[in-house]
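Below is one structure; the comments refer to it alone.
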Amino acid sequence: MSHQAHPPSQAAEEAAEPETPHLDFAGTTPYEDYVRADVLTHLQHTLSDDPGEMVFLVTTQVMELWFTVITHEWETAAKALRSDDVPTAIAALKRSVRELDALNASWRPLAQLTPAQFNSYRSALGEGSGFQSAMYRRMEFLLGDKSASMLVPHRGTPRTHAELEKALCEPSLYDEAVRLLARRGHAIPAEVLNRDVSQRYEPVGEVEAAWTAVYSGDPDTDLARLGEALTNVAELVWRWRNDHLVATRRAMGSKAGTGGSAGVAWLEKRARKNVFPELWTARSHV
């Protein structure tokens, strides 16, 4: 015998509905307390009448936030390598790869700016330039691209200057990786291990030989996986630099950049530099 299905009662339907979110708070919402969205969304103060300036400003601010989190990941990785905790370092580097993907995607809203569009609000930048970004400079220092002269623009902001000076004088992420190679038995010269870490890292044959040995062995060792995690970071940094170059070339050609920089010429020079150089050259010898 068949049984006819009966529609659920109204009471049953109401009971099945999800509960209404809690909407009544004495002060700000817990979300606001944690995210500080009201602060973030009121940081935009455009200086021109051009409607395109807002996306330029917000995109730049978003980039600064990504610089901040990527710096945090690389500092975490460097600290872990110092303690021989390779899994924690690799995990931080893998997170930073996803974050670098998001950072690089930030160029998309700006990638097709025409010179006329950029010129319509370029004067609002005045002497401002991304070259002056303190958090991006901390990223570069962690990559081993050190230069004391890069502290000069920040002399007027003591906290920022102190943070940059600390980053300048500490071993870079790559310094820590090379020191780990030495502790694992690879023949790294004392002059590399005891070098002045406030100076730009320069490639060394013995470090190349160490990475060659790592890559010639078991690909599942923690050193091999660390090498690949660092290489993934290096590749995305290279893509960031190239995307910056292309966006700038499209928006302003070969004109001088803001803040007195050489514009495209400077970016072309940066784009030619390899991050973690021996990780790339070692591959020719495997």
Side-chain angles (χ1 to χ4, degrees), residues 39-71 74 96-145 147 149-154 156-157 160 164 200 232-275:
V39 174
L40 286 172
T41 55
H42 288 82
L43 291 174
Q44 295 72 44
H45 305 288
T46 55
L47 300 176
S48 77
D49 295 328
D50 190 277
E53 187 189 351
M54 178 61 91
V55 69
F56 181 85
L57 178 56
V58 169
T59 299
T60 304
Q61 291 175 336
V62 167
M63 288 178 176
E64 285 289 335
L65 292 174
W66 282 125
F67 296 161
T68 302
V69 72
I70 291 166
T71 295
W74 292 349
S96 80
V97 164
R98 295 190 290 270
E99 292 148 9
L100 281 162
D101 272 328
L103 170 64
N104 291 358
S106 300
W107 286 115
R108 292 177 190 165
L110 306 179
Q112 297 188 1
L113 276 177
T114 66
Q117 289 169 334
F118 185 48
N119 287 340
S120 64
Y121 55 81
R122 187 185 182 194
S123 61
L125 295 173
E127 289 294 305
S129 169
F131 181 80
Q132 300 156 9
S133 167
M135 195 57 71
Y136 182 70
R137 194 58 50 202
R138 282 176 63 180
M139 281 178 56
E140 291 279 5
F141 285 179
L142 277 161
L143 294 173
D145 196 354
S147 174
S149 65
M150 294 303 176
L151 272 63
V152 174
H154 307 285
T157 49
T160 299
L164 272 178
R200 179 179 290 109
N232 289 338
V233 166
E235 179 179 333
L236 286 170
V237 170
W238 178 82
R239 292 184 186 279
W240 157 266
R241 292 173 176 174
N242 275 273
D243 287 351
H244 189 182
L245 169 62
V246 171
T248 303
R249 181 182 285 151
R250 183 160 184 161
M252 54 182 278
S254 59
K255 290 185 292 189
T258 55
S261 71
V264 164
W266 169 260
L267 295 174
E268 285 175 337
K269 180 181 178 182
R270 301 289 299 156
R272 288 194 295 268
K273 298 186 70 172
N274 276 333
V275 177

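Residues take their numbers from the sequence shown, with the count starting at 1. Just so it is clear, the structure is predicted and the values come from calculations on it, not from any experiment.
Contact record, R250 with P115: O-CD, 3.6 Å, taken as the closest heavy-atom pair. Closest non-hydrogen pair, F141 versus L164, comes out as CE1-O, 3.7 Å. Pairing each heavy atom of A102 with each of W66, the nearest pair is CB-CZ2, 3.5 Å. Residues L236 and D101 share a closest heavy-atom pair of CD2-OD1, 3.5 Å. Here the closest heavy-atom approach between residue V275 and residue A234 is recorded as O-CB, 3.5 Å. Across all their heavy atoms, S106 and V62 have their closest contact at OG-CG1, 4.1 Å.
Interatomic distance, W107 CH2 to L245 CG, rounded to the nearest 0.5 Å: 10.0 Å. We find the OG1-CE distance between T68 and M135 to be 4.0 Å, quoted to the nearest 0.5 Å. Distance check, rounded to the nearest 0.5 Å: CG of N104 to CG of N242 gives 10.0 Å. The CG atom of L103 sits 10.5 Å away from the CG atom of L65 when rounded to the nearest 0.5 Å.
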Practice task
Evaluate the criterion side chain to side chain contact (heavy atoms under 4.5 Å, CB included) for residue pair V233 and W74; output intermediate values, then yes/no.
Solution key: CA-CA 10 Å; V233 166; W74 292 349; 3.5 Å; yes

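For the pair R241 and K273, the minimum side-chain heavy-atom distance is below 4.5 Å. Within the 4.5 Å cutoff, no side-chain heavy atoms of M139 are placed close to those of L142. With a 4.5 Å cut-off on side-chain heavy atoms, Q112 and Q117 do not count as touching.
Applying salt bridge (Lys or Arg N to Asp or Glu O under 4.0 Å) to D145 and the options R200, R138, R137 leaves one that passes, R200.
Ring geometry for H244 against W240 counts as tilted: the plane angle lies between 30° and 60°, on a 0 to 90° scale. Note: F67 and Y136 have tilted aromatic rings, judged against thresholds of 30 and 60 degrees for the angle between ring planes.
Checking side-chain atoms of T59 against main-chain N and O of F56 turns up no donor-acceptor pair under 3.5 Å. Q132 places a side-chain N or O within 3.5 Å of a backbone atom of E127 that can act as its donor or acceptor partner. In this structure, T157 contributes its side chain and T160 its backbone to no donor-acceptor pair below 3.5 Å.
Here R98 pairs with nothing under the salt bridge (charged side-chain N to carboxylate O under 4.0 Å, His left out) rule; sequence neighbours left out. Residues forming a ring pair (Phe, Tyr, Trp, His ring centres under 6.0 Å) with H154 (at least two apart in sequence, or on another chain): none. Not counting sequence neighbours, the partners of E235 by the salt bridge (charged side-chain N to carboxylate O under 4.0 Å, His left out) test are R239. For Q44, the side-chain contact (heavy atoms from CB on, under 4.5 Å) test picks out M54, L57, V58, Q61, with sequence neighbours left out. For the salt bridge (charged side-chain N to carboxylate O under 4.0 Å, His left out) test, no residue two or more places apart in sequence or in another chain qualifies with R108.
Sorted by first then second residue, the salt bridge (Lys or Arg N to Asp or Glu O under 4.0 Å) pairs that include residues 46-61, not counting sequence neighbours, number zero.
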